[in-house]
Every structure is written in C-alpha cells, then in structure tokens.
J.: 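Please read through the structure below; I'll follow up with questions.
All heavy atoms count here, side chains included; hydrogens, waters and symmetry mates do not. Just so you know, these numbers come straight off a predicted model, no measurement behind them. Naming: A, B, ... by sequence-line order, numbering from 1 per chain.
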Protein chains: 2
Amino acid sequence: MNEQRRSGRQARAAERSRKGGGIGRPYIQRGIPTYDVLSEENLIRIERAADRILAETGIEFRDDPVALDHWRRAGAQVDDLRVRFEPGMLREILRTAPAEFTQHARNPAKSVQIGGRNVVFAPAYGSPFVMDLDQGRRFGTMEDFRNFIKLAQSSPNLHHSGGTICEPTDVPVNKRHLDMVMAHIELSDRPFMGSVTAEERSEDSIEMCRLLFGTEFVDRNCVILGNVNVNSPLVWDGTMTRSLRAYARANQAAVVVPFILGGAMGPVTNAGGIAQSLAETMAGCALTQLERPGAPVIFGNFLSSMAMRSGSPTFGTPEPAIGSMVIGQLARRLNLPLRCSGNFTTSKLPDAQAMTEGTMSMLAAVHCGANFILHAAGFLDGLLSMSYEKFMLDDDLCGALHAYLDGVKIDDDQLAVDAFAEVGPGNHFFGCSHTMAHYETAFWDSGLADNEPFEKWEAAGSEDAATRANRAWKLRLAEYEAPPLDEGLRDGLRDFVARRKAEVADAWY
Amino acid sequence: MNEQRRSGRQARAAERSRKGGGIGRPYIQRGIPTYDVLSEENLIRIERAADRILAETGIEFRDDPVALDHWRRAGAQVDDLRVRFEPGMLREILRTAPAEFTQHARNPAKSVQIGGRNVVFAPAYGSPFVMDLDQGRRFGTMEDFRNFIKLAQSSPNLHHSGGTICEPTDVPVNKRHLDMVMAHIELSDRPFMGSVTAEERSEDSIEMCRLLFGTEFVDRNCVILGNVNVNSPLVWDGTMTRSLRAYARANQAAVVVPFILGGAMGPVTNAGGIAQSLAETMAGCALTQLERPGAPVIFGNFLSSMAMRSGSPTFGTPEPAIGSMVIGQLARRLNLPLRCSGNFTTSKLPDAQAMTEGTMSMLAAVHCGANFILHAAGFLDGLLSMSYEKFMLDDDLCGALHAYLDGVKIDDDQLAVDAFAEVGPGNHFFGCSHTMAHYETAFWDSGLADNEPFEKWEAAGSEDAATRANRAWKLRLAEYEAPPLDEGLRDGLRDFVARRKAEVADAWY
C-alpha cells in the first residue's frame, strides 16, 4: 500500500474519530431514557397473561431429556414433553442471571458491556443469500462472509463482529462453523457469536475461544454469544436447548429469541404476541440458570407481523415497532439485558422501502432500551439476503444513532447564551467564538448522505444513495487491514479447525 | 368514469377504511405517551437561558411599528427596533392562548383538533421546484399545485390540505395566493393554510374563508392557518409580524416557526439552538396574544443542522431529531399546541437516503408530541423540491404511523390467552377462532411496500419502491373526484378572486 493511500485513510480515520458524537467508541452508553409506552398496570396484565400461558398451556421441550430433568428438579409439572410452570416460578429462577456483563474481545479495548444503559450494534445474521448492485442475488460464500467481517471490523459505527453474517454455502454444513469462528478471530478483534446449529458445533465454537482466551478465563468470563431461537409457538427444540445449555454450561451467554410472526406463530393481536414472547423467552432464559446459575443470558425480542392478504411476513411495520417498547419494559422488570433486531425490511433492494422499514425498526430497537442490537446492518428481503449496499447504508444510520443516543447535553457552554450577545440579532454564527470552539465536534457527519446543492449533485452524476453505498463498501474492503494476531494462537486455532474437519465426512444439508 | 373503475376504487376505499389501525380518521388521537428525554431541572435551565437571551440581547422587530407599540404597552423595553423582555413576561402574556382548538374544514367531518393528544398530518410546504421520475426537476406550476391538493385530498393517511404545497411559479407572485386558496377550497374539503407573504395576501386568504364559512363563524372559529417564520437569529421581519397579526386579529391561528440552521442562524450546539428557538417562538406567539388575546396560535419547531465541512444545510440528522423531543417538552410547559416538521431530507431522489432521513425526522415529530406536522409528505432536496414519488412514500409512512400511534391495546381479548390453549404448542394460528375474529383489522397494510417472495417480485419486473410510487400517484390522480361545493359559494369566491386580481398589475418577484 503506498503512502498516499495510507495517509488518506489515516486522515479519514482521524476525521471519523473527531466528528459525530464519539463514533469509534467500543459501545454506546445511552444519554437518553428508554421510551416507556405502557403503564405498570398494563405491564402486570401482560405478565399475568404470560403466567397463564405458562401454567395452563405450557411449553413443549423436544429431544432434550436433560432439559426435562432440569424442569422436574425445579418443580415444574412435566407431562411427556409438555412442561407447565406455576406463576412466578420462572421469575424466581431468573434471579441468578446477571443484569449486565462484559463480553470480552480479543482486543480488550473492543470489549463490550451488555446490559444497563449500554447499546451494542452487531451486523445482520443468518441470510442464505448475499446481494450487491453489480451481481444481484446469489448464495453466500465464505468469501462473502469474510468480506462482511472486514466491513464490520473497519466500521466506526458498529461494535460487534456478529455471527453467521451470511451462510457460507460453499463450506459443508457440519464444518462451516469452524471456518466462521476462525474468520471472526482472524479478521476482527471485536467480540463475536458462535454456532448454535448443533450442540457439538456450539462446543467447538466455545473450545476455540478457550484456545484464544485460555480455559480459566473463559470459565469466568463471557467471550462468545450463541443466538438460540424458540420454535414458536411454545416449542423449544432439542437442537436449540442443547446449544443453549452448552453456552450456559461454559458460562457463555445465550441470546434467547422467539420468532413470532403474528397470525402464524402467534396471535394476530400485538398484546397476545407480546405475552407469548414473554412466556417463551422467560422459559429459555430460566433454563440457562438451571444449567448453570449465574450464567449470562440475553432476553431476545423478534416480533413481526404478517401481510394478512398474502400471508407474507412483513418487517419494519408499525405494530412490532411499538410492541418492542413494551418488550423492553418487560425485560427491565426481569432485570435482564435485552436483545432487539435492527434494520429489518422485506424490500429486495437498498431503496426507499428498505430504509423506511429499516429506520422504523432500528429506532424502535434503540428507543426500547435494547442492549444488543442484532441485524443492525445489511438485512434485506426478510433476512433472506445480506446486502453489501444496505450494510453501508445501515452502518451510516448506526453512526447517526451514536449522536442521537447521546441526547441533548445541557450546561452553560452548550446553552451558549453569551454567543447571542456576541452575534446579535440578524447576524450569522459562522465565525463567532462559540462556533469556533465547537465546530470540530459539532453535528454528526454522514459518510453517505448527499447534502450538496442540486446542480453540484447533478454535475457529479445524479447518483442515488445505493450507488454511493456501492462505491463505499468497495473502498472500505480495499482499505481493510487485519488486526494483529499472535501467530502461535493463530496456528493453534488452525490446527484445531483442521483436526475437527478431518474427523467427520462432509455433510451438505 | 365507467362502473368497473368505480367499483375497483370503492373496493380499495372500503379496504383502506377496514385495514390499518383506523386510517381514514380525520386526525389521530395518540394512544402512546410523548417521549420525554430531559429532566425538569434541565428544562428549567433551558428556559432560563431563553429568558436571558430575551432580556439581555432581545429581539429585533423590523418594519412593524404596531408590533413595537404592542411591546411598549405590554411593558417590554423597546430601544429603536430592539425589544427586550423581563424574565417571565412572555409566559404571562401567553396564558391567554388556548391549549387546544378546532380548525374547521368546509366538510365538518374533516375538521381537525389541534393540541392535546391530537396529531394532524399536512403535506410539505414551500418548494419552488417539483420533481417526478418521468420529467425530473422543474419549476412548480399551478397544475402541480392542484395535483398535490388532489393527492392529499384522496389520501386516507393525511388529514390536512396544507398551504403552499409548491410555488405555482406560472402565476404572478402577488396573485398566486388567490389561486392557491381557491384551489384548496375547490379541490379539497379538508382544512388548509393561507398565504403569509404579505399582509394583504393574508387578509385576502382570510376574506375568502369569510365568504366560505360566513363572517361571524370565522370571527369565532379557526378555519385557516398561517405559517410565519422568524428571521433567525432574533429578528422578526415586518412582513411576517404583519401577517401574524392579521391572522390573530381575525381569530385565526398563526403557526410561529423559527428556522434555525445550527452553526449559521444559531449556535452549533443543540442546547443553544433549543434555547434560541424557545425565545424566538415565545416572542412571536406572545405577539398574537397582544393583537388579540385568546387567538389560537401554534408553537413551531424547525431545528436543523449543518454539514460543517461544506456549510450545507442538512435535514433528518440525529441532533435536530433528539432536540425536537426537548422542544416538545418545552411547548407542553407553555401549554401551547406544537407544530413539527415531518419527512425532511436533503436527498435529490426518493431513495434510501430520503427515507432514512425522512423516517428519522417524522418519528421525531410524532414522538415529541407534535400536534400539527407540516412537511409530512413530499419533501425532497432540503425543501427545494416537492416530489410526486416521495409524496406517496411519505403518505404510506403516515399510514403506518396511525397504527403506531394507536399503541398497544391491552385487554383479555387482545391478550388472547385462550387462543394458546386452542392452538397449542407447535401449531399455527392461521385458522384459530381468535385469528378469524381479528384478521380483518389486524396489522397495518402498506399500499407501497413489497412483501412478496423474491422470485415473484423479480418476475413482476424487479421494481424499486420509487417506481411503485410513480405508478401510485398517477393512479390516485386518475381516480380523484372533487368533493361537492355549493355553486353559489364557488361563484362568489371566483368573483372575489377575479376582482382582486384585476385591481393590481402582475408582479413576478
């Protein structure tokens, strides 16, 4: 890399760290309160509805006898696979879960604090396809997966490397978790997520962390998250509970997430979906505490709605957005860290629909008090595609949200009363001493928005935001530099991956 | 119009009125609280800063001796054009202003309630240019102006006809207000706004309302709004205060709005801009009460920021969005109805940037408790262009916000506990009795978003949202029907317009 490019990059990096409400921080500490929309009385009514669902209908735990044993020992009523819970029982079990914890990164400066007033942005998770403006939609590959880690690692606006950013479909299903965790470790020095698609893959993910951080450190500290889903309504599959228990057993944090598409996996009413979400999530979170009391766990939220005419899922619609505020209130009453989903959309392109729906859901996530916001960047087509351009557009919105979450600072200097006396009526503030003292840190500065006069924009080619985003991800990839990693650690990890891969035949489904 | 088209339209209208959280209502009564981000202690600090600005620097009132006389009589300190106010004086004067009032429409079913928990959406206001995907950008004409009134009138998501939706630049500057008010009256039966660009144009606008509603009715009821701007910082121009007084004198509502571009017309710090906004708006609102105690008046908010590198204005950025929450808290402490601006952007196209910025600012407007949201639809390019496609995209977002502002309803039926017993773990809710009872009113249903599977979307032409919006505005215009208007009233108004136009020569600047 020549010196000119390097100094250009350094200048931009310096500018980024200077501008925009402290972007470049390892995570955000919110300066504004959460947006609480429901009265305590109504929250209690939801909690009672969840208690009734848990006591009367209960939850089915499939293919995991250990989970059923846990529930029996805890005093739940277990009939075959169906488990019913006395009101208050799960809340009592959840009292051992921490309200806040640190997820350590291999670079200590990038460790994140999850819970309390803290907010962590992570890329989207789980798409089989990737998409860009040049090549359109195609199945994701390991190269795409690595590209998105690089884009996240180089982002001043994200805090976390995420997990299965896209499915690397060119690697066998039973081995790709090894390559994914290895890529997170090698290409990023931020915290990341492991596999959950089988118990042994969860254990492999955690074992690689033991090689990286040391066995004792991992036993005492959270270094990896595993995102496990309820099979809504009211079913926990063994694949998920075994992985959930693997993470908890290792003192690592499970993220417990129902996927409730209102009208399909839950009622068409928002209140009903919220009560269900509370019931399902409490059960999953409580199971972590039965596996290992005190293990960190994150209360997850994934409300979504359905287009009633077609039966298609919808994302970024108003009912789940406002429902998320209620989920936030309920999670805080449980004293658990909260996960929400960010830039949701069903749009197939990084267009107006994508960012209307994305911005509505992302703002809901930050307003409701989410501590860990998954899907904060890249999400298109109802999570079927990871988009390079949408990633950059969302990333830019994440930058804006740093300034937004800082809130309005009030002190004499910020109130600037003396500046009015200096400037006087009818004059401008461009050169006044207050402006000169503050302009370097004033106002978040988008890297993608066009604020130029129309004529200048037209002369430069009349580009839309997606076209600018296309250029931006290519530039960011070209300028990416891998964070340093100890060679001995790296080689040990590579050996582990090679050994584990050699132990079994490839499986492609 | 043939029967087939009519019945298609009626079916769609019926569907609209059935779906989506009660869209089609004359205005919204919010079911969620406002988002209050600042403590009372910090609000008081802002109020004290505003009081100091008003007492120490004061405000200049230019070219309006009557305004200066009002201030002298009220006890303010008047030195030449500069007026200084004792702390608390403006608050005391403002006690006569109503906290809430009705703006009457010529169709009583469309009258809106402004203040309290009510929210009214109005189109964007004041662009010299219009834009669509077919013809690009061009100066607005009377035909465009009429088109946008038709689009707003036919919208189930907007509540108000607005004012100068775009400048009809093919009509002389000194006569276009007559054609604009006439168009609002003829083409819409919703409430609207009059001219403010000169005192006699304000009076013409109000006089036309007297012909429409009757002189006595107008003297006792609000039937027209006039949006007047501060010449920030700290200057009120006579053109504006004379118009403001004309509206107040006729018992009509002035909307009092500073335009503070942080770093140019105000400090670069958010707190300073908010204190300035409070000072300037209180002064303008108080002047209405000196002109006519008890006249309705709306507290306006138009914070925006600047791209510090280029000096360009920016819209839809995070600092003004979060600052608006504070303005909302301050307006409620004054017990005045609040105006905010909606779908702001500097983008030149109805693209991802437009809707990221637009959604952020529109959500800020509804969260902060704004009662009258101007610029809710159509705004592009920093208010220089009114966009046909953006209008439809914003309109769709306004529809979503009806469902959003309804909040989460909590009762036994909504909580659906019995549905879980009926459906049981692992089954779907598609056909259960709770779903059947609710599916017709469940979930807001976007008219523009694409929720189809990728393959179906691709087979239909891979359209982006702007392309769908292009088709939608043409369809809406084609299906527009004028609301009935008494011929005698119409002819009387037309005579008035013709007479006033004949009285003076055309002026083009």
J.: Specify which of B/Ile53, B/Thr435, B/Val423 makes the most heavy-atom pairs with chain A at under 4.5 Å.
T.: B/Ile53

J.: Pick from A/Leu81, A/Asn427, A/Leu397: which one has the most heavy-atom pairs with chain B under 4.5 Å?
T.: A/Asn427

J.: Could you tell me which portion of B/Ser385 (side chain, backbone, both or neither) has an atom closer than 4.5 angstrom to a non-hydrogen atom of chain A?
T.: neither

J.: With only heavy atoms counted, which part of B/Gln353 is less than 4.5 Å from chain A, the side chain, the backbone, both or neither?
T.: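 Looking at B/Gln353, backbone and side chain both touch chain A.
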
J.: Look at B/Val235, B/Asn270, B/Ile46, B/Leu349 and state which one has the largest set of heavy-atom pairs under 4.5 Å with chain A.
T.: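 Ranked by contacts with chain A, first place is B/Leu349.
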
J.: Evaluate the criterion side chain to side chain contact (heavy atoms under 4.5 Å, CB included) for residue pair B/Phe315 and B/Thr317; output intermediate values, then yes/no.
T.: CA-CA 5 Å; B/Phe315 295 102; B/Thr317 49; over 6 Å; no

J.: With respect to chain A, which residue among B/Ala264, B/Gly31, B/Ala400 yields the maximal number of heavy-atom pairs within a distance under 4.5 Å?
T.: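 Looking at each of B/Ala264, B/Gly31, B/Ala400 in turn, B/Ala264 comes out on top.
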
J.: So which residue, A/Glu56, A/Arg468, A/Met325, A/Lys409, ends up with the most heavy-atom pairs under 4.5 Å with chain B?
T.: A/Arg468

J.: When you measure from the side chain of A/Thr269 to the backbone of B/Gln414, do you find a donor-acceptor pair of N or O atoms at a distance under 3.5 Å?
T.: yes

J.: For B/Ser387 versus B/Leu380, what's the shortest heavy-atom pair and its separation?
T.: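 Between these two residues, the closest heavy atoms are CB-CD1, 3.4 Å.
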
J.: In terms of heavy-atom pairs under 4.5 Å, which option from B/Leu393, B/Ile32, B/Leu401, B/Asp413 contacts chain A the most?
T.: B/Ile32

J.: Is A/Ile44 close to A/Glu41 at the side-chain level, that is, under 4.5 Å between some pair of heavy atoms?
T.: no

J.: With a 4.5 angstrom heavy-atom cut-off, could you sort out which part of A/Ala419 is near chain B: side chain, backbone, both or neither?
T.: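 No part of it gets close to chain B.
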
J.: Of all the heavy-atom pairs spanning A/Gly262 and A/Met306, show the shortest one and how long it is.
T.: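 Smallest interatomic distance, heavy atoms only, reads O-CB, 3.3 Å.
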
J.: Against chain B, work out which of A/Phe429, A/Tyr404, A/Phe430 has the most heavy-atom pairs shorter than 4.5 Å and name it.
T.: A/Phe429

J.: What option among B/Asn42, B/Ile322, B/Thr57 has the most heavy-atom pairs under 4.5 Å with chain A?
T.: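 When all of B/Asn42, B/Ile322, B/Thr57 are compared, B/Ile322 has the most.
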
J.: How close do B/Gln276 and B/Gly266 get, heavy atom to heavy atom, and via which atoms?
T.: OE1-CA, 3.1 Å

J.: Relative to chain A, which segment of B/Pro313 carries a heavy atom at a distance below 4.5 Å: side chain, backbone, both, or neither?
T.: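 Backbone of B/Pro313 only, per the 4.5 Å heavy-atom cut-off to chain A.
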
J.: Determine, step by step, whether A/Thr314 and B/Asn451 satisfy the side chain to side chain donor-acceptor pair (under 3.5 Å) criterion, reporting the C-alpha distance in whole Å, the side-chain angles of both residues, the deciding distance to 0.1 Å, and the verdict.
T.: CA-CA 6 Å; A/Thr314 55; B/Asn451 309 312; 5.6 Å; no

J.: Less than 4.5 Å to any heavy atom of chain B: does that hold for the side chain of A/Arg30, its backbone, both, or neither?
T.: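 For A/Arg30, side-chain heavy atoms alone lie under 4.5 Å from chain B.
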
J.: Sort B/Asp396 into side chain, backbone, both or neither according to what part of it lies under 4.5 angstrom from a heavy atom of chain A.
T.: neither

J.: Side chain, backbone, both or neither: which part of B/Leu405 has a non-hydrogen atom closer than 4.5 Å to chain A?
T.: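 When you check distances to chain A, no heavy atom of B/Leu405 falls under 4.5 Å.
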
J.: If you tally heavy-atom pairs under 4.5 Å against chain B, which of A/Leu384, A/Val268, A/Leu234, A/Val326 wins?
T.: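 Ranked by heavy-atom pairs under 4.5 Å with chain B, first place is A/Val268.
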
J.: Non-hydrogen atoms of chain B under 4.5 Å away: do they reach the side chain of A/Met265, the backbone, both or neither?
T.: backbone

J.: Rounded to the nearest 0.5 Å, what separation is found between the SG atom of B/Cys432 and the CZ atom of B/Phe420?
T.: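 If we round to the nearest 0.5 Å, B/Cys432:SG and B/Phe420:CZ are 9.0 Å apart.
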
J.: Quick one: which of B/His428, B/His434, B/Glu60 has the most heavy-atom pairs under 4.5 Å with chain A, could you say?
T.: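 Among B/His428, B/His434, B/Glu60, the one with the most close pairs to chain A is B/His434.
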
J.: List the atom of A/Ala49, the atom of B/Val417, and the distance in Å for their closest heavy-atom pair.
T.: CB-CG2, 3.6 Å

J.: Look at B/Glu458 together with B/Lys456 and state whether they make a salt bridge at an N to O cut-off of under 4.0 Å.
T.: no

J.: Against chain A, label B/Leu415 side chain, backbone, both or neither, depending on which of its atoms sit under 4.5 Å from a heavy atom there.
T.: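 Both parts, backbone and side chain.
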
J.: For A/Thr356, which atoms come within 4.5 Å of any heavy atom of chain B: side chain, backbone, both, or neither?
T.: both

J.: Would you mind telling me which of A/Leu448, A/Asp381, A/Ile59 has the largest number of heavy-atom pairs within less than 4.5 Å of chain B?
T.: A/Asp381

J.: Taking A/Ala416, A/Ala275, A/Ser305, A/Gly382 one by one, which has the highest count of heavy-atom pairs under 4.5 Å against chain B?
T.: A/Ser305

J.: Looking at A/Val230 and A/Trp236, what are the two nearest heavy atoms and their distance?
T.: CG2-CZ2, 3.3 Å

J.: Identify whether the distance between the nearest side-chain nitrogen and carboxylate oxygen of B/Arg137 and A/Glu455 falls below 4.0 Å.
T.: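 Salt bridge: yes.
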
J.: Restricting to non-hydrogen atoms, name the atom on A/Trp457 and the atom on A/Glu452 that form the minimum distance, rounded to 0.1 Å.
T.: N-CB, 4.5 Å

J.: Could you tell me which portion of B/Pro350 (side chain, backbone, both or neither) has an atom closer than 4.5 angstrom to a non-hydrogen atom of chain A?
T.: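 Backbone only.
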
J.: Could you check B/Thr345 against B/Glu357 for side chain to side chain donor-acceptor pair (under 3.5 Å), going step by step and ending with a plain yes or no?
T.: CA-CA 5 Å; B/Thr345 182; B/Glu357 294 174 342; 2.5 Å; yes

J.: Between A/Ser232 and chain B, which part of the residue has a heavy atom less than 4.5 Å away: side chain, backbone, both or neither?
T.: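 Neither part.
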
J.: What part of B/Met131 is in contact with chain A, defined as an atom under 4.5 angstrom from a non-hydrogen atom: side chain, backbone, both or neither?
T.: side chain

J.: State whether A/Lys348 and B/Glu463 are salt-bridged, where the test is any N-O pair (Lys NZ or Arg NE/NH1/NH2 against Asp/Glu carboxylate O) under 4.0 Å.
T.: no

